[in-house]
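I have placed the structure first, in the form of structure tokens, so that the comments after it can refer back to it.
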Amino acid sequence: RGKRAFIAGVADDHGYGWAIAKSLAAAGAEILVGTWVPALNIFESNFRRGKFDESRVLPDGSLMKITKVYPLDAVYDTPEDVPEDVKTNKRYAGSSKWTVKEVAESVKEDFGSIDILVHSLANGPEVSKPLLETSRYGYLAAISASSYSYVSLLQHFAPIMNRGGATISLTYIASERIIPGYGGGMSSAKAALESDTQVLAFEAGRKHGIRVNTISAGPLRSRAAKAIGFIDMMIDYSSENAPLQKELSAEEVGNAAAFLASPLASAITGTVLYVDNGLNAMGVGV
Ligand code: NAD
């Protein structure tokens, strides 16, 4: 039977989550997505109105199908965690069962199990502030949305994952090298995510027989990246300095994710895979 994937962090057709969904769909997987609650309405209405049809085309000419879209806010684990002002917020009140625990329960109810879990989400309210000027609130919010969200997803989804399954997150080299401009504790959040990839690979490997890897992706002009404000500069920098002097396409990251999720990668777990035209290997630019 075909594999079933749940991809958290798809709200348009510009980001890595969308590209990963496409590569997995092209490889025959059934696609479920988790979409951030405030972005859900616009994503679903754009999808219905055919706005993504062009970018839904798979290599065989068919259109990628998304079997079900789940509202998700990965900052909240259970309904008890949701503060009153969020509960009653207009953008949240129209949806239900969007905490991590409830989404995992809904997926279990609807489909029984999954094989592939993708975490393609991040958020840092103070990302444009240097770390030296970041508040405690901003730092912890970055870690909560961008790192703990992965721990939580794995905690709740691993029990419904089939043995031999795989989980993948997206990280950025700012975790290990200085990237001025990637602030607000986002560099710290990616460092946590990468360290957690190792510990979770051990724990989820032993307990559930699943693999845990992360892709350190090069720069892409996604919605989230545009919000940081330096994405065009990073793309130019990479084109000038990376071993491969071409713009990175989201599809290249999608294909690497499909590889990591496949049996071809059955002995690969706990790793950071660079999909960045080789930029990480450079010491100085030339
Ligand atoms: P994106 O905007 O397509 O994806 C980010 C998604 O996270 C959005 O859909 C957003 O709605 C969602 N999100 C934010 N907060 C959420 C929450 N609390 N609960 C659920 N969803 C939430 O942008 P992207 O750049 O493709 O980001 C995907 C991943 O790739 C992120 O982890 C990002 O850090 C990573 N990444 C991006 C780049 C880049 O240059 N774009 C480089 C390396 C790594």
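Note that the structure is a prediction, hence the values are computed from the model and not measured. Atoms within a ligand are numbered from 1 in the order they appear, just like the ligands themselves.
Considering backbone and side-chain atoms together, Ala39 places no N or O closer than 3.5 Å to any N or O of ligand 1. Residue-to-ligand polar distances keep Tyr172 apart from ligand 1: every N/O pair is separated by 3.5 Å or more.
Proximity of a side-chain donor or acceptor of Arg56 to a complementary backbone N or O of Met64 within less than 3.5 Å is detected. His156 places a side-chain N or O within 3.5 Å of a backbone atom of Ser152 that can act as its donor or acceptor partner.
Close approach of ligand 1 to Gly15 is summarised as follows: ligand atoms under 4.0 Å from at least one heavy atom of the residue are 3 (O), 26 (O). For ligand 1, the atoms sitting less than 4.0 Å from at least one non-hydrogen atom of Asp73 are 17 (C), 18 (N), 19 (N), numbered in the order shown with element in parentheses. Of all atoms in ligand 1, listed by their number and element, those nearer than 4.0 Å to a heavy atom of Ala74 are 17 (C), 18 (N), 19 (N), 20 (C). Residue contact check: Ile231 has heavy atoms under 4.0 Å from atoms 40 (O) of ligand 1. Within the listing of ligand 1, atoms 7 (O), 14 (C), 31 (C), 32 (O), 34 (O) sit less than 4.0 angstrom from a heavy atom of Ala122. The contact set between ligand 1 and Ala217, taken as ligand atoms under 4.0 Å from a residue heavy atom, comprises 42 (C), 43 (C). Atoms of ligand 1 found under 4.0 Å from any heavy atom of Ala225, numbered from 1 in the order shown, are 41 (N). Every atom of ligand 1 is numbered from 1 in the order shown, and the set under 4.0 Å from a heavy atom of Pro219 is 40 (O).
Tyr70 and Phe111 have perpendicular rings, their planes meeting at more than 60° on a 0 to 90° scale where under 30° would count as parallel.
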Taking it one step at a time, do Glu176 and Glu194 satisfy side chain to side chain contact (heavy atoms under 4.5 Å, CB included)?
CA-CA 10 Å; Glu176 40 172 331; Glu194 288 173 29; 4.1 Å; yes
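Linking Ile, Leu, Val, Met, Phe, Trp and Tyr residues whenever their side-chain heavy atoms come within less than 4.5 Å leaves Leu121 and Ile7 in two separate clusters. Cluster annotation: Val118 is connected to Ile268 through the hydrophobic network of ILVMFWY side chains, with a link wherever side-chain heavy atoms come within less than 4.5 Å.
No more than 12 heavy-atom neighbours from other residues, nucleotides or ligands sit within 6.0 angstrom of CD on Glu251. Lys90 NZ: 12 or fewer foreign heavy atoms inside a 6.0 Å radius.
Among protein heavy atoms, the minimum distance from atom 24 (P) of ligand 1 is reached at Ser222 OG, 3.3 Å. With respect to atom 26 (O) of ligand 1, the closest heavy atom belonging to the protein is Tyr16 N, 2.8 Å. Annotation: atom 9 (O) of ligand 1 to nearest protein heavy atom, Ala11 CB, 3.4 Å. Ranking protein heavy atoms by distance to atom 1 (P) of ligand 1, first place goes to Ala224 CB, 3.9 Å. Nearest protein neighbour of atom 8 (C) of ligand 1, counting heavy atoms only, is Gly9 O, 4.4 Å. The protein heavy atom nearest to atom 21 (N) of ligand 1 is Trp36 CB, 3.5 Å. Of the protein's non-hydrogen atoms, Thr171 O, 3.0 Å is the one closest to atom 44 (C) of ligand 1.
With contacts defined as side-chain heavy-atom distances shorter than 4.5 Å, the pair Phe47/Val69 does not qualify. Within the 4.5 Å cutoff, the side chain of Leu279 has no heavy atoms near those of the Leu248 side chain.
Taking 4.0 Å as the cut-off, Ser120 counts as a neighbour of ligand 1 on heavy-atom distance. Assignment of Gly218 to the shell around ligand 1 is supported, since a heavy atom sits closer than 4.0 Å. Assignment of Val37 to the shell around ligand 1 is not supported, since no heavy atom sits closer than 4.0 Å.
Closest heavy-atom contact between Thr134 and Gly184: OG1-CA, 3.2 Å. Closest non-hydrogen pair, Asp13 versus Ser55, comes out as OD2-OG, 2.6 Å.
For atom 7 (O) of ligand 1, the candidate residues are Leu121, Leu220, Val275, Ile228; the nearest heavy-atom contact is made by Leu121. For the residues His14, Lys190, Met186, the heavy atom positioned nearest atom 34 (O) of ligand 1 is part of Lys190.
A centroid separation of less than 6.0 Å is found between the aromatic rings of Tyr92 and Trp98.
Both the backbone and the side chain of Leu170 come within 4.0 Å of ligand 1, judged by heavy-atom distances.
Take Lys3 and apply the side-chain hydrogen bond (donor to acceptor under 3.5 Å, both in side chains) test, not counting sequence neighbours, and it matches no residue.
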